[in-house]
There are 4 protein chains.
Amino acid sequence: MNLESNVEKPSEGEDRTWRQQAYDIVFEADTPAGVLFDVVLLAAIFLSVLVVMLESVESIRLQYGGLLVGAEWFFTILFTLEYGLRIACAPRPLRYVFSFYGVVDLLAILPTYLIALPITSIADTQRLTTIRALRLLRAFRIFKLAHMLTEANALRNAIWAARAKVAVFLSFVVISVVIVGSAMHLIEGGRLDENGQAMPSGFDSIPESMYWAVVTMTTVGYGDVSPVTAVGKALAACMMLLGYCMIIVPTGIVSAEFAQAAQKNKILRVCEHCMAEGHDKDARYCKYCGTML
Amino acid sequence: MNLESNVEKPSEGEDRTWRQQAYDIVFEADTPAGVLFDVVLLAAIFLSVLVVMLESVESIRLQYGGLLVGAEWFFTILFTLEYGLRIACAPRPLRYVFSFYGVVDLLAILPTYLIALPITSIADTQRLTTIRALRLLRAFRIFKLAHMLTEANALRNAIWAARAKVAVFLSFVVISVVIVGSAMHLIEGGRLDENGQAMPSGFDSIPESMYWAVVTMTTVGYGDVSPVTAVGKALAACMMLLGYCMIIVPTGIVSAEFAQAAQKNKILRVCEHCMAEGHDKDARYCKYCGTML
Amino acid sequence: MNLESNVEKPSEGEDRTWRQQAYDIVFEADTPAGVLFDVVLLAAIFLSVLVVMLESVESIRLQYGGLLVGAEWFFTILFTLEYGLRIACAPRPLRYVFSFYGVVDLLAILPTYLIALPITSIADTQRLTTIRALRLLRAFRIFKLAHMLTEANALRNAIWAARAKVAVFLSFVVISVVIVGSAMHLIEGGRLDENGQAMPSGFDSIPESMYWAVVTMTTVGYGDVSPVTAVGKALAACMMLLGYCMIIVPTGIVSAEFAQAAQKNKILRVCEHCMAEGHDKDARYCKYCGTML
Amino acid sequence: MNLESNVEKPSEGEDRTWRQQAYDIVFEADTPAGVLFDVVLLAAIFLSVLVVMLESVESIRLQYGGLLVGAEWFFTILFTLEYGLRIACAPRPLRYVFSFYGVVDLLAILPTYLIALPITSIADTQRLTTIRALRLLRAFRIFKLAHMLTEANALRNAIWAARAKVAVFLSFVVISVVIVGSAMHLIEGGRLDENGQAMPSGFDSIPESMYWAVVTMTTVGYGDVSPVTAVGKALAACMMLLGYCMIIVPTGIVSAEFAQAAQKNKILRVCEHCMAEGHDKDARYCKYCGTML
């Protein structure tokens, strides 16, 4: 998922048309007007998602239904105007429309219009009502704002640097889940009750057992499915200890990646005068010879 | 929450009045008398909270009710005297009264007096009884004591340094919770039983689904709500793996922050004679040239 | 479990027979043909395990039974041919047959043939059907592929370096589980109901209590067994806090091991010209004097 | 808990009496005979605890009761002989008797003798039977064995170094548990059913609510108690996120402690010839100038 705007920026010339100015406000966040636009947009997104949430609670919908529908239309028209503006000022409109945010922006306004169509059935209406919550995906634009951007990038880099190790770890988890799931299906599945009838145990197929294995290994432990035979309990206990211990490994990996990233930032700051390194990120003078960094 | 006393210290002069002396004992913890006062106060706080706890257990209240009420009045009068003393010796009494600890100190004594009023209803009495447990907030004064203060500050600094990364992490968690909650409402909600009646599933509104999403993602997993459809189980399994893996990221961040803080303490200790660094916190001589640090 | 091929490589000569060429393709992954063979094999393994999974779901078996049996025979014959090829081209066939992968490869094909025998009972058939899922163990060959190999080795080394500390940790966990399990059996077991009958509590024997202790200490918490007496709940709460805090220790150990491993890689890279160290893994020139590393 | 033998070692002279020789075998683990004694003892402890476990399972006790009683007496007599030998060869027998291991060693043999007394009631017999499991505490002697000792000490030192930070952390957890527990008692407790009767909710007293708070904060989540009101669920969700995030802090602390401990070991090894540091623990020569370390 590419969180950055993958729309080309129009070339900066002297005779900046309204389209270029609009582009800077709507797509970028480095001018005051651009930041203001993004903050207002984020507030509108959060409010509109709150409306969707409240509408899903039956008692609230029955009481304040009209108000919520009104608010919904207000936000939909607002987002429609914004969508139109984005298409109008993007240098390559089609590229925006088919980008990640382009699709999400369309999904954010479409359901309300579809519900208003007379051909939409009631079941579809309910589904479309909920789909509007996906407009929260637009909130990922929050990471475009200044301070957030640096930190989000630092996080992404550390996770990216650890990706190969995490892939090995996840392969191991998935293989464990399938094998323990199959073993539990063998041990706990197919039990019969007193009348010789098959008894549902939650381990009646390998996919069901795998669901149990994931619930157990991640230490969630709903308890909707749990082993009853002695052998099953023993195997489950082993799997819990495995899950409890296994979380250690990726934690260690990512910790080391972060520590290294932090170290690198520090070591890379070298005083040009005495060549001493290890200066803090916020240092302004070399701490050994006093030269300005 | 500012845990340090934000009351101005009276200027140290030669003719120290009783108010200044009382201030040093009541508000500060750097004289033996001040430490003793704080230790006795903490003991009284813990005992009074224990009394509140015991009073909430019906069988104990029925048997030892009189004794507990007596103890309660003893602590309330003690805390009232202390509150009066604090107002009397604070250089700016109003500033203390409206500070965090001033409000908490008042809340610690008010309920007992309100309960004694004849106009308080029984329902209010029960509520006020419980509110007294909030006096445990006063126990945060424990971090004022010498050894605790350094460590509490070190912890706070490391958490503070990681705040931006943790904010990005929490944004991601909240957005995930809303989106997965909405998706589960779509998948699991609105099921009908054999008679065509709506069946309560725990996914009947987006806020309910979000509650489930938090229970699952934090690996608490009560099991009071759990998915029953195959698609719901598959999505739940993915969310568990996400929650299981996501805890890694902030752990890594904070580990790196702590490691860096520890490193910084060490690197900053430089021998003035040979300029060698890396001396331990408890070192008294340079380990390379023997100069006293 | 030795994940690397423990079969001797035939000596590389000029007149490479077909057996030597086949060996390079089947057992190794450093030629394009060898990588292709492994990728195709992994795809076949995943597909065949998917077939086993689908077959275990009753509704799918009833509808697509014939198709699944056909797919099953296709994969079995494919794996049989592969097994024969491995025996034919291994320099020491017996050594391969009794190696970890040799046994797993045989287990992957045997069940289908056994089911086809007329003497196999229906109960055995179901068991054999599930055992086929063990062929996923063959998927561990994925770690032979280039990029995975380095990372898997790095992970293994860090875990191996921490093995003694982890052993001490696990000893402590197991001893805690036995002691808390016995204590809970003493506290919660043997309760009687109103008629003086023994009431099953899930703490009726020490092994059952130990199962509960593992479920609690690993923070899985099914809730199928939970304490009901006040003393039992207090002890359980202490154990939860212990389990919650204890995971910290091995995480810290492994984090430090990983950080040290990363550090070692970096420190060991020394520029031969200026003797400066600390070069990153991907650096090509010394960052101090510019000499090629 | 002092895990090391706190019994004074007899002075090493030339005319070593049998008591001194016995002491070296029974209390120490640095001679081959001493190691052998400890390994045999550990095996006997594990076997005797296994007997206790099996005896607590009713079906096994009914079938193999006689055999288990016989094994129990065998181990009890063996441990009695060992206890006598320890008293006989300890330089200060009383000091051993009242040390941690002295008490545990006595507890390991006493129950069997008490059960044999005619005055012991059946209820006491069951209790004494279970208490024998405490002899597993003797297994902590495992940490006296060579390789384990170093690692156990390293672990203890890192945990000890982090004790002040962990104390601050635990204070914060306990205060949170009390405050959230009281708040949930206020919100969820005292609900009435349709007939105006008090409904048990698991939040009926502050201690019960605190049990729930511990179960939730440690992410165990049995589900035997869970909130039902909207406000209660919201507060519970906040507490889960707090518990999920809070585990990060001590993990970070301990990680940093371990990393620092590992670093210290490395930095402290300095080559006496060129003063270069950073040599690995297993290095025998300086990696810069080749001088033997």
Side-chain angles (χ1 to χ4, degrees), chain A residues 164-165 167-169 171-172 174-175 178-179 181-183 185-186 189-190 204-210 215-228 230 233-234 236-241 243-245 247-249 251-257 259-260 263-264 267-268 270 275 277, chain C residues 49 52-58 60 123 126-127 130-131 133-134 136-137 139-140 142-143 147-148 150-152 154-155 158-159 162 166 169-170 173 207-208 210-211 214-215 217-224 243 247 250-251 253-263 266 278 280 287-288:
Chain A
K165 290 205 190 70
V168 171
F169 171 71
S171 312
F172 190 79
V174 169
I175 293 179
V178 175
I179 289 181
S182 305
H185 171 56
L186 205 66
D204 295 325
S205 67
I206 295 182
E208 273 187 79
S209 294
M210 282 167 58
V215 169
T216 300
M217 206 164 202
T218 57
T219 79
V220 170
Y222 283 141
D224 51 351
V225 183
S226 61
V228 294
K233 283 183 175 182
C238 292
M239 199 189 191
M240 284 167 209
L241 285 173
Y244 183 61
C245 290
I247 191 68
I248 300 163
V249 177
T251 309
I253 300 168
V254 176
S255 292
E257 291 294 341
Q260 227 177 334
Q263 198 70 20
K264 197 186 267 179
I267 287 185
L268 287 180
V270 178
M275 298 303 287
E277 62 179 26
Chain C
V49 170
V52 173
M53 280 183 199
L54 293 176
E55 225 180 319
S56 78
V57 184
E58 203 170 358
I60 294 177
Q126 287 189 341
R127 251 176 236 125
T130 305
I131 282 173
L134 288 184
L136 193 67
L137 283 173
F140 278 113
I142 205 172
F143 298 126
H147 198 54
M148 286 298 222
T150 328
E151 297 299 346
L155 274 177
I159 295 165
V166 169
F169 171 71
L170 273 183
V173 169
E208 273 187 79
M210 282 167 58
Y211 168 70
V214 171
V215 169
M217 204 164 204
T218 56
T219 78
V220 171
Y222 283 140
D224 52 350
I247 191 67
T251 310
I253 299 168
V254 177
S255 292
E257 292 293 341
F258 276 112
Q260 226 178 336
Q263 198 70 20
K266 223 168 144 181
D280 294 324
K287 56 185 171 182
Y288 300 111

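A pairwise comparison of heavy atoms in A:Met240 and C:Tyr211 identifies CE-CE1, 4.4 Å as the closest pair. Of all heavy-atom pairs spanning A:Tyr244 and C:Thr218, the tightest one is CD1-CA, 3.6 Å. Residues C:Ser56 and A:His185 share a closest heavy-atom pair of CB-NE2, 4.1 Å. For the pair A:Val225 and C:Tyr222, the tightest heavy-atom approach, listed with the atom from each and the gap, is O-CE2, 4.1 Å.
With a 4.5 angstrom heavy-atom cutoff, A:Asp204 touches chain C only via backbone atoms. Neither the backbone nor the side chain of A:Met217 has a heavy atom closer than 4.5 Å to any heavy atom of chain C. Contact annotation for C:Val49: only side-chain heavy atoms (C-beta onward) come within less than 4.5 Å of a heavy atom of chain A. In this structure, chain A has no heavy atom under 4.5 Å from any part of C:Ile60.
Residues forming a side chain to side chain contact (heavy atoms under 4.5 Å, CB included) with A:Ser182 (at least two apart in sequence, or on another chain): A:Val178, A:Ile206, C:Thr130, C:Ala133.
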